[in-house]
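Take a look at the structure set out below.
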Amino acid sequence: MTDMTKDKYKVQFADAVSAASRNLFPDAHKAMGDKELFDSETLYGSLVKPKDASMGRFAFPVFKYAGLLKSKPPEIASKIADEANRILDRSDTASIIRVVAAGGFLNGQVDTSVLTRETLKAVLIGENAYGSSELGKDKTYLVEYSSPNIAKPFGVMHLRSTVLGNSLRRIYKKLGYTTVGINYPGDWGTQFGKMIVAYQKWGTEKDLKGEAVKNLLALYVRFHDEAKTDNSLEDQAREAFKKLEQGDPECVRLWQLFKDVSHAEFDRVYGLLGVEFDWVYGESKLNDKMEPVIQRLEKAGLTEISEGALVVKLPDENLPPVLLRRGDGATLYATRDLAGMVYRWEEYPLFHESLYIVNVAQTDHFKQCMNVIAMLEDAERAPSDHRMSGRMKHVDFGWLRFGDQTMSTRGGNIVLLEEVIDKAAELAREKIVEKNPDLKKIDETAHIIGLGAVIFSQLSLRRQRDIDFQWDEVLSFEGETGPYLQYTHARLCSLMRKYDRPVPVDVDFSLLSGDEEQRVIELLADFPKVIQDAGEQYEPFFISTHLLRLAAAFNKVYQRKDEEGSIDKIISDNDTLTGARIALVKAVQLVINEGLYLLGLEAPEEM
RNA sequence: GCCCCCGUAGCUCAGUAGGAUAGAGCACCGGUUUCCUAAACCGGGUGUCGCAGGUUCGAAUCCUGCCGGGGGUACCA
């Protein structure tokens, strides 16, 4: 049983326990065959975590076998433990793994000096590559995120998608996948008719200079205000959009201008956030790609006319039909998304997965579109290994709420992302001036910390949770926050500066056998698995919590006191001890640094 | 109406492919700095895990029903 994605100690434990069980209970083995208790692979999968880390790294409950083995759980556990240890003694892993019975549990303990040595060496030699993998070799991940609307400001509501996607893109890269970060801004639809009318009525060239997007929003808001009394405005807007679709030069010119100023604005915000994309295209890019898809669907016999509209009806009765064309012939967003799905498959054939990081409200919409693609591939008899259906995933996330304040672009009530970042940076600045006034790059550091707080606030809970936007929570730098991790990182860097020598790799690892150090080691050892889990479940949050645990565990070591009540320092007169501890410091610094990178945060060396 | 998600400490949340005494942060009270960054660390918790049944050796976790909150429900995106 070898698999690079598995914990080798766990594998050894599972092998020993299953072999021991076979030896001890041949009758039951015969009756049951190679499964559960008797199969190393299954056993590996059903390992749990001991209640207390000092009991071991993993555990296996034997309660359910009491009937089968005609014995009480504690007796079974202790028998198996003895036999498993005998087996281990005969193998070369003898000194590494121990099996200890505790009640009805079998606990697997890993020799701490071996775990410590192997873990620290892996981190120190791997540096930022620690935790990398070849899991995704020759596989491609498409990740769509952010996707704001043109001619509208970048509000905090776009933050979650942007930050989640940016992190996932980095995670898949780390795991060896080829990754394509996609931004798919909304640059088409009747709202552009409204914008064109509003601009022609009340706008001027100078609105497109300076704070252009703000001015455009003001025009958009004014349009909706005046439309309440002037019924002709909506008709004019529809007319303008029609002209835009038909390629009217003036309408196209204005639309292009709106796009240009918006993209300039978005690029600035992405620069502020440190967010990148590999492929940017707007909805308008799909204008000429919808008709071919409609034709394919028609040819496959999946379409029908219903209530005047061209639709695809779905077998799942809980899902409404997908509208390809309205009664007046116009296409809809589902049509565009279908065309987009096909487009991506054509550009990146056989992609491994294609993720849509979009709010939970669109769950049914994505289900519908993906169902249609599956039906199309069925109808066209696409070979099973050449199908995109099943590879597309809607990665949904909860709402960002603002208490009783209703957010609405139309009403002009919007919290600008930049406003949030600026406020956070300003607060961080005040704190630096108070705590560390001699710091060289105050403004730059303040931005990194403020932004760290904002980004982390979105990644410190599970995706599907709704978040109530609270200024004091986003602007908090204490406790489970981004700045806490950054602070810990800066302090680690400070230790390295003070030590100011090459980090020794061959140290006396037995000097790190204390409970506090071992907790740190364990968390370092688990880091690669955490990255994998985060990727598999689309949850950067797994990395967030892991880093918080790691930082807390290290801070405990850092501020530990001896019997006399004075701090047991990392750097002391004892060179051997200092060397071992500095190796630990360096390893923690590297992992926090890399973990923060995967989340999309910067790790300052001083703050 | 129907479908989906959620309900854990005063607040915000972990823990949910069943496992050992349900954990963190915030807030609150107290302590730690002649000492490597106190954005930190240490101590202080009697929780109807929404309610009621069920399955199991074992349920916050799985099943059923109910209550409460949110979302979706064909010509907006």
Side-chain angles (χ1 to χ4, degrees), chain A residues 45-46 48-52 55 59-61 63-67 72-73 102-105 107 147 149 186 188-191 283 306-313 316-328 330-334 336-337 358-365 367-368 396 398-399 401 428 431-432 434-436 439 449 453 460-462 464-468 470 472-473 476-481 483-488 490-499 541 545 548-549 551-552 555-561 565-572 578 585 606-607:
Chain A
S46 45
V48 298
K49 254 202 196 112
K51 186 63 208 157
D52 186 336
M55 299 168 102
F60 180 71
F63 303 94
K64 60 153 91 163
Y65 304 102
K72 292 195 165 115
F105 288 90
N107 292 325
S147 304
N149 288 319
W188 203 247
T190 44
Q191 76 259 29
E283 293 180 73
S306 171
E307 298 174 29
L310 182 69
V311 307
V312 176
K313 287 197 173 159
D316 182 346
E317 55 191 31
N318 291 324
L319 290 176
V322 177
L323 269 83
L324 298 175
R325 246 197 258 283
R326 287 197 317 218
D328 65 2
T331 54
L332 289 114
Y333 75 117
R336 230 178 299 280
D337 270 356
V358 180
N359 179 273
V360 64
Q362 297 207 27
T363 302
D364 282 357
H365 163 68
K367 269 193 207 159
Q368 287 175 294
D396 61 337
W399 298 89
R401 299 182 186 288
K431 198 130 198 183
I432 293 171
E434 170 198 333
K435 307 251 175 193
N436 192 3
L439 186 68
I449 296 167
S460 60
L461 72 178
R462 296 198 81 120
Q464 283 156 336
R465 285 268 177 192
D466 291 346
I467 299 180
D468 237 318
Q470 303 282 351
D472 54 350
E473 276 171 24
S476 164
F477 300 157
E478 279 158 32
E480 298 176 329
T481 64
Y484 168 72
L485 294 175
Q486 292 171 319
Y487 177 73
T488 303
R491 210 153 60 171
L492 288 156
C493 289
S494 170
L495 284 168
M496 298 308 301
R497 279 193 301 274
K498 189 174 178 200
Y499 182 71
F541 151 79
T545 41
L548 287 171
R549 287 194 198 109
N555 284 330
K556 217 162 191 164
V557 172
Y558 181 81
Q559 293 191 60
R560 182 174 45 195
K561 291 182 178 169
S566 52
I567 299 277
D568 183 9
K569 291 170 118 189
I570 302 285
I571 298 171
S572 65
T578 301
V585 165
E606 284 181 79
M607 66 187 263

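Residue numbers start from 1 in every chain, and the chains themselves are labelled A, B, ... in the order their sequence lines are given, proteins ahead of strands. Computed from a prediction, not measured in an experiment: that's the story for all the values here.
- Within a 6.0 Å radius of CD in Glu434(A), more than 12 heavy atoms belonging to other residues, nucleotides or ligands are found.
- Applying the 3.5 Å distance criterion, the base of A38(B) shares no donor-acceptor pair with the side chain of Gln559(A).
- Side chains of Asn555(A) and Tyr484(A): a donor on one and an acceptor on the other come within 3.5 Å.
- G70(B) atom P lies 18 Å from atom CD1 of Ile467(A), rounded to whole Å.
- If you take atom C1' in A9(B) and the same atom in G72(B), they sit 33 Å apart, rounded to whole Å.
- The listed nucleotides are G70(B), U8(B), G15(B); the one nearest the side chain of Arg465(A) is U8(B).
- Straight-line distance between the C1' atoms of G30(B) and G45(B): roughly 15 Å, to the nearest whole Å.
- Using P as the reference atom, G44(B) and A52(B) are 32 Å apart when rounded to the nearest Å.
- The side chain of Arg401(A) contributes no N or O atom lying less than 4.0 Å from OP1 or OP2 of G70(B).
- With respect to the salt-bridge test (charged N to carboxylate O, under 4.0 angstrom), the residues Asp468(A) and Arg401(A) do not qualify.
- The listed nucleotides are U21(B), C36(B), G19(B); the one nearest the side chain of Ile567(A) is C36(B).
- When heavy atoms are screened at a 4.0 angstrom cut-off, Ala309(A) is found touching base atoms of the nucleic acid.
- Atom P of nucleotide A74(B) and atom CD of Gln368(A) are separated by 9 Å, given to the nearest angstrom.
- For the P atom pair drawn from U61(B) and C51(B), the interatomic distance equals 11 Å after rounding to whole Å.
- Under a 4.0 Å N-O distance rule, the pair Lys431(A)/Glu478(A) qualifies as a salt bridge.
- As rounded to the nearest Å, U8(B) and G68(B) have C1' atoms that lie 15 Å from one another.
- Within 4.0 Å (heavy atoms only), Val360(A) reaches no atom of the nucleic acid at all.
- Contact annotation for Ala59(A): base contact, defined as any heavy-atom pair under 4.0 Å involving a base atom.
- In this structure, Phe63(A) forms no aromatic stack with the base of G58(B), since the conditions of centre separation below 5.5 Å and plane angle below 30° are not both met.
- With A77(B), C36(B), A40(B) as the choices, the nucleotide that has an atom nearest any side-chain atom of Ser494(A) turns out to be C36(B).
- One C1' atom belongs to A38(B), the other to G31(B), and the distance between them is 13 Å to the nearest Å.
- Listed nucleotides G71(B), A24(B), C57(B) differ in distance to Lys64(A); the shortest reach to its side chain belongs to C57(B).
- Residue ring and base: Tyr558(A) counts as stacked with C36(B) (centre distance below 5.5 Å, interplanar angle below 30°).
- Nucleotides A74(B) and G69(B), compared at atom C1', are 27 Å apart to the nearest Å.
- You'll find a donor-acceptor pair under 3.5 Å spanning the side chain of Asn107(A) and the base of A20(B), going by distance alone.
- Residues Phe60(A) and Ser46(A) approach most closely at CE1-OG, 3.5 Å, considering heavy atoms.
- Taking 3.5 Å as the limit, the base of A24(B) and the side chain of Thr545(A) contain no donor-acceptor pair of atoms between them.
- Among A38(B), A77(B), C41(B), the nucleotide with an atom closest to any side-chain atom of Leu332(A) is A77(B).
- Here the separation of G58(B) from G25(B), taken at their P atoms, is 34 Å to the nearest Å.
- In terms of modelled atom types and a separation under 3.5 Å, the side chain of Asp466(A) and the main chain of Gly398(A) share no donor-acceptor contact.
- Within 4.0 Å of Tyr484(A), counting heavy atoms only, lie sugar-phosphate atoms of the nucleic acid but no base atom.
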